[in-house]
Amino acid sequence: MADLGGPRARDDLAPATVAVTAGRPPHEPDQPLNTPITMAATYVAGGDLEYGRYANPTWTAFEETLGRLEGGRCLSFASGMAAVTCVLDLVAQGARVVMPRHAYLGSVMSLADLEARGRLTASLVDISDTDAVVAACDGAALVWVETPTNPALEVADVAAIAEAAHAAGAYVVVDNTFATPVLQRPLDDGADVVLHSATKYLGGHSDLLLGAVVTRDDELHDVLLSRRSLTGAVPGAFEAWLALRGLRTLTLRVERAQANARELAERLRGHDAVSEVRYPGFGGIVAIVLEQGPMAADLLCRTTSLWVHATSLGGVESSLERRRRWKTEAPTIPEALVRLSVGVEDVDDLWADLSGALDRLGA
Ligand SMILES: *Cc1c(COP(=O)(O)O)cnc(C)c1O
């Protein structure tokens with residue numbers, strides 16, 4: 001964990017500078033300031049691009065920027081789940097994968113599906129229990145880390161897990177969707193692959209689906225590039241352009257969302273209708289458990305006016321959701337837990353809306 005603006009790219013520019021300046025055309029007369037959207041299924045033969053499923057200059061601009069923010073080489077995908085699927089497919093037939101029991105639901109469900117079909121075996125762990133994770137590394141081929149987890153907000157010790165996983169000969173993947181490279185750079189802590197749902201904070205405006213992986217190892221990069229080309233799990237040029245536009249303000253948005261989340265977590269701790277507040281101390285996601293149970297949680301989601309009732313997270317707008325409304329959510333997540341994705345609005349307006357709805361629950 002580093003302070004905002006702290007972790008430095010290998011080129012020694014701070015994230016705020018990289019986010020704004022990377023992935024642009026050269027500073028030459030008549031060059032546009034922004035990389036254009038290249039709508040192309042194919043390219044004139046004889047160059048490096050060849051075909052629209054292999055390469056696109058708009059993807060490249062996004063990938064260059066996110067790669068520099070995370071400190072590795074980036075590949076963009078059609079969605080976060082397209083990236084998850086490609087990475088899970090790295091393991092050999094019958095290999096064992098370790099994953100947090102409270103990882104993103106789609107990741108846990110994909111793992112369960114692959115296990116049910118005999119493709120691999122799965123071990124679910126409490127990722128904040130480092131001793132248990134280290135013990136589970138023995139004999140594993142891939143250790144999946146998500147930190148903070150969704151929606152339990154448990155935090156993993158990435159460096160300790162990476163050391164144990166590497167000693168066991170396993171790859172380490174960190175889903176960095178919640179923290180973003182502004183707050184956490186897992187490759188610096190020893191991870192082999194960083195994964196993102198750019199649909200969330202990186203895009204930041206709830207208007208696109210995109211995924212990404214970042215690696216330092218060239219061989220791993222080439223394998224993932226080949227898998228992306230063969231599966232066709234590639235992003236649209238417009239989505240890549242929007243995501244790059246989102247990246248330009250990433251540090252500002254994360255800074256503001258985090259400041260709002262810290263303040264709201266503090267105020268929520270003093271509210272009678274809330275029996276538990278989970279906040280890891282950084283990032284823009286807060287989870288609360290309602291004293292009066294799941295029906296009160298549903299009512300809260302229906303009765304706020306600024307906060308919108310919707311799944312997903314990481315947009316400029318604040319949203320909330322009772323996670324157990326999904327039948328497939330882990331049974332260890334409390335029924336009355338509401339996940340808050342704190343946006344960049346004025347914190348007093350957000351509090352007035354949320355606390356008003358909480359006050360009315362008791363009435
Ligand atoms: C949303 C999400 C994903 C999946 O990404 P999509 O872009 O929705 O496919 C993966 N991991 C985490 C932590 C997420 O929040």
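When a ligand or atom number is given, it counts from 1 through the structure's own listing order.
Formation of a donor-acceptor pair under 3.5 Å by the R101 side chain with backbone atoms of V125 is not found in this model. Judged purely by atom type and a 3.5 angstrom limit, T65 has no side-chain atom pairing as donor or acceptor with the backbone of A19.
With sequence neighbours excluded, the residues forming a side chain to side chain contact (heavy atoms under 4.5 Å, CB included) with A152 are H102, T149, E154, R278, I333, listed by chain and number. The ring pair (Phe, Tyr, Trp, His ring centres under 6.0 Å) search around F238 returns none, not counting sequence neighbours.
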Ligand 1 N/O to protein N/O, distances under 3.5 Å:
{"from": "ligand 1", "atom 1": "5 (O)", "to": "S197", "atom 2": "OG", "distance (Å)": "2.9"}
{"from": "ligand 1", "atom 1": "7 (O)", "to": "G80", "atom 2": "N", "distance (Å)": "2.9"}
{"from": "ligand 1", "atom 1": "7 (O)", "to": "S197", "atom 2": "OG", "distance (Å)": "2.8"}
{"from": "ligand 1", "atom 1": "7 (O)", "to": "T199", "atom 2": "OG1", "distance (Å)": "2.6"}
{"from": "ligand 1", "atom 1": "9 (O)", "to": "G80", "atom 2": "N", "distance (Å)": "3.1"}
{"from": "ligand 1", "atom 1": "9 (O)", "to": "M81", "atom 2": "N", "distance (Å)": "2.8"}
{"from": "ligand 1", "atom 1": "11 (N)", "to": "D175", "atom 2": "OD2", "distance (Å)": "2.7"}
{"from": "ligand 1", "atom 1": "15 (O)", "to": "K200", "atom 2": "NZ", "distance (Å)": "2.7"}

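Across E70, E146, R185, a single residue satisfies side chain to side chain donor-acceptor pair (under 3.5 Å) together with N176, and that is E70.
Residue pairs meeting the salt bridge (charged side-chain N to carboxylate O under 4.0 Å, His left out) criterion with at least one partner in residues 47-56, sequence neighbours excluded, do not occur; the list is empty.
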